[in-house]
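Below you'll find the structure, written out as structure tokens, and then a few comments.
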Amino acid sequence: MRGKGVIGLLVIVAVGYLGYRFLPPQLNPFAPLMLDDPPGRITQFKLKRLPAERCPILLEEANQRGWISTKNLANSEGPCPLHHAVSVGNFGDVRLSQRFVASCPLALSSALFVQQQAKPLARQHLGSHLRQIDHLGSFACRNIYHRQNARLSEHATADALDISGFRLTDGRNITVLKGWKNAESEPFLRALLTASCQYYGNGLGPDYNAAHANHFHLGMRGYGLCH
């Protein structure tokens with residue numbers, strides 16, 4: 001019986017190995033991240049464990065596809081040093097209220113989020129195309145909530161973006177402040193915040209606390225905490 005148990009275990013291990021070995025790359029959590037990987041937990045896992053040297057390669061590919069437009073920034077030192085940061089100008093045909101500074105992971109995650117979620121969700125829920133994203137900024141050398149004895153904010157490393165609203169090609173302006181409880185825009189905004197979990201470490205909105213009543217905080221810390 002013991003020998004049969006060992007054989008059975010070996011068969012299970014062999015089947016598991018072969019299943020893993022021949023998984024399609026988009027279903028293999030340990031395969032390199034590709035821009036065409038579908039949204040979901042596996043892609044989220046790949047984003048979290050993305051090697052630092054691969055991020056600029058994927059970001060450049062996203063630039064070439066027209067999903068995002070970035071410019072490399074010089075490294076800076078001081079109390080909030082930035083290394084390998086970029087300036088984001090737009091998300092292809094989706095404009096920005098102004099450029100923002102981002103770490104490579106924030107820029108790449110945001111490009112995927114806009115391309116795979118924000119644009120199709122606008123069409124699905126609002127029947128119009130996304131034209132512009134309004135934001136309150138990204139990089140700020142400060143502690144969380146500006147508290148003197150708190151840890152550094154994600155904004156201090158350019159790892160978070162605060163989005164305040166969305167403008168559509170039909171002229172509508174959807175703000176987080178006024179749209180969160182609006183029957184027309186609430187489903188769109190809630191769907192966006194839920195979808196952000198697949199790309200960012202955290203997505204915080206009006207239900208989290210009063211400090212986020214007028215914006216979505218999309219940051220890289222954590223693993224899919226969205227409120």
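Please read all numbers here as calculations on a predicted model, not as lab measurements.
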Verify the distance criterion only: is there a donor paired with an acceptor across the side chains of [X] and [Y] at less than 3.5 Å?
X	Y	value
E184	H125	no
R131	T169	no
N63	T70	yes

So, the side chain of [X] versus the backbone of [Y]: is there a donor-acceptor pair under 3.5 Å, distance only?
X	Y	value
S185	G179	yes
Q198	T43	no
Q132	R167	no

Centroid-centroid under 6.0 Å between [X] and [Y] rings:
X	Y	value
W180	F216	yes
F91	F113	no
F45	Y223	no
H135	F100	yes

Should V94 and L218 be counted in the same cluster of Ile, Leu, Val, Met, Phe, Trp and Tyr side chains packed under 4.5 Å apart?
yes
State plainly whether the residues D36 and R65 are in salt-bridge range, i.e. N to O under 4.0 Å.
yes
Output yes when K119 and D93 qualify as a salt bridge under the 4.0 Å nitrogen-oxygen rule, no when they do not.
yes
Output all residues satisfying side chain to side chain contact (heavy atoms under 4.5 Å, CB included) with Q124, sequence neighbours left out; order by chain, then residue number.
L121
I144 to R221 - nearest heavy-atom pair and separation
CD1-NH1, 4.1 Å
Check V88 against A102 and note the closest heavy-atom contact, atom names and distance.
CG2-CB, 4.1 Å
Which residues share a side chain to side chain donor-acceptor pair (under 3.5 Å) with N90, sequence neighbours left out
none
Can you say whether the rings of H215 and H212 are parallel (under 30°), tilted (30 to 60°) or perpendicular (over 60°)?
tilted
